[in-house]
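Before any comments, here is the structure.
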Amino acid sequence: MISRLWPYCIPSGYRTILGTVVLTLMGCQKSSPLSESRPERPATVATASSHREAASGTATKFPYEVTDGLGRKVTIAKIPQRIVSLSPKNTEMLFAVGAGDQTVGTTTYCNYPPAASKTEKVGGFSAKSLSLERIVSLRPDLVVSVGELHAPIIQELERLEIPVIAFAVDTFDGLFEDLQLLGRITGHETEASSLVRKLIERVDQVKEKAQSVPANEKLTAFYYVWGEPLTGAGPNSYLGEMIQICGATNIIEDTSTRFPKLTMEVLLAKNPDVIISSSNHSDLGSVKNVESRPGWSGLKAVQTKRVHLLDGNLISRCSPRTVDALELMGHALYPAYFAAPIEESKSDPTDGQQQ
């Protein structure tokens with residue numbers, strides 16, 4: 001059987017400008033097979049040891065210049081006290097480093113941690129669904145966005161001289177760097193440094209366990225991202241990176257595309273031992289659904305009941321809780337070598353603070 005591991009009044013100076021941007025923002029939604037979209041960018045090159053050295057908690061001096069994920073140079077004048085987050089991943093990171101009390105606005109999809117529900121909502125995740133008026137009404141001194149998907153919003157915030165930083169890399173190294181950056185600019189260097197060190201330690205533990213799996217027990221795996229068209233996670237995505245860290249071989253590792261499309265014929269030819277996906281995919285939510293997909297009954301992973309759905313809130317966002325998902329994936333792949341992780345997230349912050 002399938003496993004289930006599983007919006008203050010607007011400042012008058014902004015009103016005229018706001019009236020000009022509605023049409024700019026219309027029709028800017030960009031579909032994505034994941035809950036968050038990212039532009040194609042090379043993975044950050046770094047090592048665990050370099051992150052440990054960087055996570056030293058050195059006090060940040062302001063003004064502080066940041067080069068964000070889109071290559072933009074942004075100057076942060078002082079520690080921001082009114083932050084608006086435009087994605088669930090960014091919200092999780094802000095709360096995780098201890099900046100929850102400084103976060104005044106989030107999206108309707110920002111459901112973690114629970115304290116995020118107390119913030120004002122500025123719309124959904126796509127540029128089309130976000131309300132620039134609501135964002136501005138919160139008088140933010142920093143907006144944290146994602147990559148090209150939010151380009152229209154970023155451009156208008158720049159016109160309004162509201163600092164906005166875009167995060168655009170989804171890798172474990174990118175996650176560690178983003179957490180350290182958020183810690184520096186929000187005044188939580190110590191918390192961020194401690195968090196990063198703990199996350200790195202846990203990733204290293206997964207790597208060590210993976211090395212204990214004998215060569216003759218190594219598995220091939222496919223991460224199912226989307227069904228129409230059939231899309232998987234390539235090695236340059238954090239999802240593909242997770243497969244490798246856990247000691248399995250990604251069946252689509254010979255590509256530089258993060259989320260490549262493939263045909264059913266290719267999937268059948270590669271015939272993975274294990275198929276992994278998010279619990280958000282209801283089309284894989286039962287044995288019947290899986291076996292009724294055209295051609296899937298001939299897949300080894302289906303025949304041996306090795307289709308595993310991981311908690312979508314953990315696996316679909318490259319956030320601190322992705323390390324929880326990594327441990328879940330290890331257990332799904334090699335239950336004899338990876339103990340079942342505890343159900344309560346090890347990355348849970350309490351009252352906006354990282355434990």
Side-chain angles (χ1 to χ4, degrees), residues 7-10 18 25 28-30 32 34-38 68-69 74 76 79-147 149-154 156-157 160 162-168 170 175 178-179 181-183 185-188 191-192 195 280 311-322 345 347-354:
Y8 320 132
C9 293
I10 302 172
L18 284 174
L25 299 178
C28 294
Q29 185 172 10
K30 181 178 180 180
S32 169
L34 295 178
S35 64
E36 297 191 19
S37 176
R38 296 292 188 272
D68 72 1
V74 182
I76 310 299
I79 295 176
Q81 299 300 323
R82 301 186 62 78
I83 305 172
V84 172
S85 167
L86 304 186
S87 79
K89 167 189 173 177
N90 293 342
T91 298
E92 291 196 19
M93 291 197 299
L94 284 164
F95 277 81
V97 301
D101 291 342
Q102 295 154 260
T103 305
V104 298
T106 63
T107 77
T108 56
Y109 293 106
C110 296
N111 58 1
Y112 188 86
S117 64
K118 301 175 183 178
T119 60
E120 296 288 338
K121 300 304 175 182
V122 297
F125 176 68
S126 68
K128 182 179 180 179
S129 64
L130 287 168
S131 169
L132 181 62
E133 180 177 356
R134 290 184 183 177
I135 296 173
V136 174
S137 74
L138 292 175
R139 299 179 283 114
D141 43 15
L142 177 66
V143 176
V144 186
S145 72
V146 294
L149 178 65
H150 287 160
I153 286 284
I154 293 173
E156 297 307 326
L157 291 171
L160 295 172
I162 298 176
V164 53
I165 297 176
F167 291 116
D170 275 348
L175 169 63
D178 290 349
L179 287 168
L181 174 59
L182 280 177
I185 65 178
T186 62
H188 298 281
E191 296 96 320
L195 173 61
N280 296 337
D311 186 337
N313 287 324
L314 303 180
I315 195 71
S316 296
R317 306 168 184 174
C318 189
S319 72
R321 294 195 297 162
T322 300
S345 170
S347 304
D348 281 357
T350 300
D351 296 327
Q353 300 297 322
Q354 175 66 27

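Along the sequence shown, residues are numbered consecutively beginning with 1. The shown structure was predicted, so the numbers you read here are calculated from the model rather than taken from an experiment.
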Euclidean distance, His188 NE2 relative to Leu94 CG, rounded to 0.5 Å: 9.0 Å

Residues Arg134, Glu120: salt bridge by 4.0 Å N-O rule: no

Side-chain (Gln102) to main-chain (Pro80) donor-acceptor, under 3.5 angstrom: yes

First locate atom CD1 of Ile165, then atom CG of Leu157, and finally report the distance between them rounded to the nearest 0.5 Å. 12.0 Å

Grab the two heavy atoms, one from Leu175 and one from Ser319, that are nearest each other, plus how far apart they are. CD2-O, 3.4 Å

List the steps, then state whether side-chain hydrogen bond (donor to acceptor under 3.5 Å, both in side chains) holds for Thr107 with Lys121. CA-CA 5 Å; Thr107 77; Lys121 300 304 175 182; over 6 Å; no

Arg82 (side chain) donor-acceptor with Leu138 (main chain) under 3.5 angstrom: yes

Provide the closest heavy-atom pair for Val74 versus Pro163 in the form atom of the first, atom of the second, distance. CG1-CB, 4.3 Å

Report yes if some heavy atom in the side chain of Thr103 is under 4.5 Å from a heavy atom in the side chain of Phe95; otherwise report no. yes

Begin with the C-alpha distance, continue with both residues' side-chain angles, and end with the deciding distance and a verdict on side-chain contact (heavy atoms from CB on, under 4.5 Å) for Ile185 and Leu142. CA-CA 10 Å; Ile185 65 178; Leu142 177 66; 3.9 Å; yes

Please find the pair of heavy atoms, one from Arg317 and one from Tyr109, that lie closest to each other, and give the distance. NH2-O, 3.3 Å

Do you know the tightest heavy-atom contact between Cys110 and Ala116? O-CB, 4.0 Å

Sub-4.5 Å side-chain heavy-atom contact between Thr322 and Ile315: no

Between CZ on residue Phe125 and OG on residue Ser145, distance to nearest 0.5 Å: 9.0 Å

State the CG-CE distance between Asn90 and Met93, to the nearest 0.5 angstrom. 4.5 Å

Answer yes when Lys89 and Asp170 have at least one side-chain N-carboxylate O distance shorter than 4.0 Å, and no when they do not. yes

Please find the pair of heavy atoms, one from Ala168 and one from Gly69, that lie closest to each other, and give the distance. CB-O, 3.5 Å

Heavy-atom closest pair, residues Ile79 and Asp141: O-OD2, 4.5 Å

Would you mind reporting whether Ser316 and Asn280 have side-chain heavy atoms less than 4.5 Å apart? yes

Could you tell me whether the side chains of Thr119 and Thr106 share a donor-acceptor contact shorter than 3.5 Å? yes

Is the shortest side-chain heavy-atom distance between Ile83 and Val104 below 4.5 Å? no

Nearest-0.5 Å distance, NE2 of residue His150 to CZ of residue Phe167: 13.0 Å

So Ile135 and Leu86, side-chain contact (heavy atoms from CB on, under 4.5 Å) or not? Walk me through it. CA-CA 9 Å; Ile135 296 173; Leu86 304 186; 3.8 Å; yes

At what distance, to the nearest 0.5 angstrom, does OG of Ser131 lie from CD1 of Ile153? 8.0 Å

